[in-house]
Amino acid sequence: MVVSGIVIFGLVLATTFATDAVSGLQTMESLRNRVKGVFYHAYENYLQHAFPLDELRPLTCDGQDTWGSFSLTLIDALDTLLVLGNTSEFRRVSRLLQNTIDFTQDVNVSVFETNIRVVGGLLSAHMLSKMAGIDLEPGWPCTGPLLRLAENAARKLLPAFHTKTGMPYGTVNLLHGVYATETPVTCTAGVGTFILEFATLSRLTGDPAFEEAARRALRALWESRSDIGLVGNHINVNNSHWVAEDAGIGAGVDSYFEYLIKGAILLQEPKYMEMFQEYVQVIEKYMKHDDWYMWVHMSKGTVSMPVFQSLEAFWPGLQSLVGDIDSAMKTLHNYHQVWQKYGGLPEFYNIPHSMPVDKREGYPLRPELVESAMYLYRATKDPFLLHLGQDVLEAIEKISSVSCGHATIKDVHDHKLDNRMESFFLAETTKYLYLLFDPENFLHNTGTHWDSISTPFGPCILNAGGYVFNTEAHPIDPAALYCCNRFKEEQMQVHTQFEDARLRVKSYERTPSSTGTDDKSNMLDSREGKSNRKPKIPVMSAPSQPYTSRLSIMGQMFLHQDV
């Protein structure tokens, strides 16, 4: 069922690369400069031909809105500018976004995509602002204009979580909320990919509503797994009924597993890691076949689709976070062989037939392969991973480059191009490539240096490393969460103590005698209880409109199994 010899051949390649490694500062610097060239060719053409629309159309040299008219590529690219060292452009774009983003439009948006790209991108840029030399508000990182933008965007998503299960709808209207006719069917990743951004927002702002919504959705999804411990691909968020029962690690599911591990790391939550480990046991039991991962029926464990998807290439990088290096490297070698054969990873690759699946032959410049290479290189320093990154870079330079940017590859067989450049190309693909070739980048900091921030509540240590990337490669500084959460708690304690004192004075002035003591005590107890509760800002309600948003490839339902 599996192409014989791929793993062995991959190990031979690794040995060969070890003797002919990409090494030396000059070579690594040359590779970084080439990545910069790719990034700026795409970025500058977006600014010239597509801004303020969401995406560049590189073949026609114009733009289009795709996910909600957010100038999405600019938001997604913002922290990449800083990774490449361009602080002046980071500052310019930060100011520009503050003056142009509008989250009050009458437009339907993907809850998932808006969270990972817009909320995640703004949060990351906010937390990196000091490093870019931006003038900071008093109280930063617990306040700031980019943080307020992120909060405004996330608040528009909260109505989607008002379901019987707590699992969110897939689409929300920025102006009107969730329409009554909205489909309740959404993909698994669209339910389980919020804890990083929403918990970060709650910890920075002091409003628990976001984190509570994400936790409730995760809990409901966990409770909906099958008797053998697997989750399907699409679920009805109103009744927890599985609509698509294919279980895998790729499209429609992938980042759910990713956020269990990263949520455990960011929030120091052992229970999320325990949940992931339980999933790993059944994934290894039912899905893994000779270092490939196939799709199976979620209740039976039988193979339903013997395919590899390009989105699944994130898995080896995820395995590196829990120390499963040997397994990760073997699987990554398999994926790299597909890349070398076609100059890109087709969206679906039929494993037993060793060929792309019909109508799924495209490669939209996805980042997952080089993402795993970056993580594994940090863990192993294996020179094979640098060669893999060089393969990816050269293919992008030779195949996708056109006069107005970089175009999606429509078919890996003949390298025909499609008129689209998704924002993740600048948010993820170029960023992970650069980080692979830049071992001294500030995002690789291991605590050797940091910033001490003076606040009204004392010093706060930031930028010491340990960044956690969301699924769109936007880095989150865990120290900022601790800093702001601690300060917000202290603020609340001070506020509560002040309110208690004020209420006691008022009560004493109204009842100077000792009569009516019981009534006075009851009144104070009631008010004290009220003052201890953190205020919640009500979220919006929603009228009705037919569901019209299209699902991305990430959210495709697998209704046909002719592979």
Side-chain angles (χ1 to χ4, degrees), residues 75-76 78-79 82 94 97 103 111-131 136-137 139-158 160-161 168 189 191-218 255-256 258-269 272-273 321 427 443 451 453 455 460-489 491 534 536-537 539:
I75 296 175
D76 245 355
L78 184 52
D79 54 25
L82 195 57
S94 295
L97 291 174
F103 295 124
V111 179
F112 171 88
E113 299 289 356
T114 304
N115 177 57
I116 66 170
R117 303 194 198 202
V118 178
V119 178
L122 292 171
L123 281 174
S124 179
H126 162 74
M127 286 183 279
L128 296 174
S129 292
K130 182 179 186 301
M131 199 169 294
L136 305 174
E137 290 184 1
W140 181 91
C142 313
T143 184
L146 294 177
L147 176 61
R148 287 189 288 274
L149 279 177
E151 183 180 3
N152 291 341
R155 200 166 297 285
K156 294 293 186 177
L157 305 182
L158 282 181
F161 291 80
V191 172
T193 310
F194 293 91
I195 191 63
L196 295 186
E197 298 84 2
F198 275 30
T200 297
L201 259 180
S202 286
R203 305 294 176 94
L204 296 186
T205 66
D207 185 347
F210 304 105
E211 186 170 345
E212 289 172 357
R215 287 184 182 274
R216 188 178 174 219
L218 276 178
S255 52
Y256 167 46
E258 178 185 359
Y259 272 40
L260 289 178
I261 285 185
K262 293 182 177 180
I265 295 170
L266 181 69
L267 305 176
Q268 296 297 292
E269 291 272 10
Y272 290 147
M273 189 64 73
L321 294 179
L443 288 179
D451 293 323
I453 309 298
T455 74
C460 186
I461 303 299
L462 297 174
N463 301 324
Y467 296 94
V468 177
F469 290 88
N470 86 335
T471 196
E472 192 76 4
H474 296 305
I476 298 170
D477 186 351
L481 276 65
Y482 170 78
C483 169
C484 294
N485 194 47
R486 175 164 57 90
F487 293 163
K488 297 294 182 181
E489 288 176 355
Q491 282 182 306
K534 294 182 180 180
K536 293 183 181 179
I537 301 175
V539 293

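Computed from a predicted model, the values in this text were never measured in an experiment.
Here the closest heavy-atom approach between residue S94 and residue L146 is recorded as OG-CD1, 4.0 Å. Pairing each heavy atom of M127 with each of N463, the nearest pair is O-OD1, 4.1 Å. Considering all non-hydrogen atoms of both residues, L204 and P141 come closest at CD2-O, 4.1 Å. Of all heavy-atom pairs between H126 and T143, the closest is CE1-O, 3.2 Å. Summarising the geometry of T193 relative to N115, their closest heavy-atom pair is O-ND2, 3.0 Å, with the distance given to 0.1 Å. Heavy-atom minimum distance, P478 versus Y467: CD-CA, 4.2 Å.
Using a 4.5 Å heavy-atom cutoff, the side chains of K262 and Y272 are not in contact. Residues L260 and I195 have side chains not in contact (no heavy-atom distance under 4.5 Å, counting atoms from C-beta outward). Side-chain contact between L196 and L267: absent, with no pair of heavy atoms (C-beta onward) separated by less than 4.5 Å. Side chains of I116 and Y259 form a contact here, defined as non-hydrogen atoms less than 4.5 Å apart. For the pair D207/R155, a side-chain contact is recorded, criterion being any heavy-atom separation below 4.5 Å from C-beta on. Put simply, the side chain of V111 reaches to within 4.5 Å of the side chain of F194, judged on heavy atoms. When side chains are defined from C-beta on, V468 does not count as touching P475, because their heavy atoms never get closer than 4.5 Å. Side-chain contact between P145 and R148: present, with at least one pair of heavy atoms (C-beta onward) separated by less than 4.5 Å.
The backbone N or O of H474 lies less than 3.5 Å from a partner atom in the side chain of N470, making a donor-acceptor pair. Distance alone, capped at 3.5 Å, places no donor-acceptor pair between the S124 side chain and the G121 backbone. Judged purely by atom type and a 3.5 angstrom limit, Y482 has no side-chain atom pairing as donor or acceptor with the backbone of I461.
Ring geometry for F198 against F161 counts as tilted: the plane angle lies between 30° and 60°, on a 0 to 90° scale.
Here the two cysteines C142 and C483 have their SG atoms 2.5 angstrom or farther apart.
Atoms CZ and CD1, from R203 and I476 in turn, are 11.5 Å apart once rounded to the nearest 0.5 Å. Rounded to the nearest 0.5 Å, atoms CD1 (I261) and CE (M273) are 5.5 Å apart. To the nearest 0.5 Å, atoms CD (E197) and CZ (F210) are separated by 12.5 Å. Atom CG in L462 sits 11.5 Å away from atom OG in S129 (nearest 0.5 Å).
No donor-acceptor contact under 3.5 angstrom links the side chains of S255 and T471, judged on distance only.
Residues passing the salt bridge (charged side-chain N to carboxylate O under 4.0 Å, His left out) test with D477: none are found, sequence neighbours excluded. Partners of N152 under the side-chain contact (heavy atoms from CB on, under 4.5 Å) rule, at least two apart in sequence or in another chain, are F103.
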- [ ] Verify side chain to side chain contact (heavy atoms under 4.5 Å, CB included) between Y256 and L218, making sure each step is shown before the conclusion.
- [x] CA-CA 9 Å; Y256 167 46; L218 276 178; 3.7 Å; yes

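Salt bridge annotation for R216-E212: absent, with no cationic side-chain nitrogen under 4.0 angstrom from a carboxylate oxygen.
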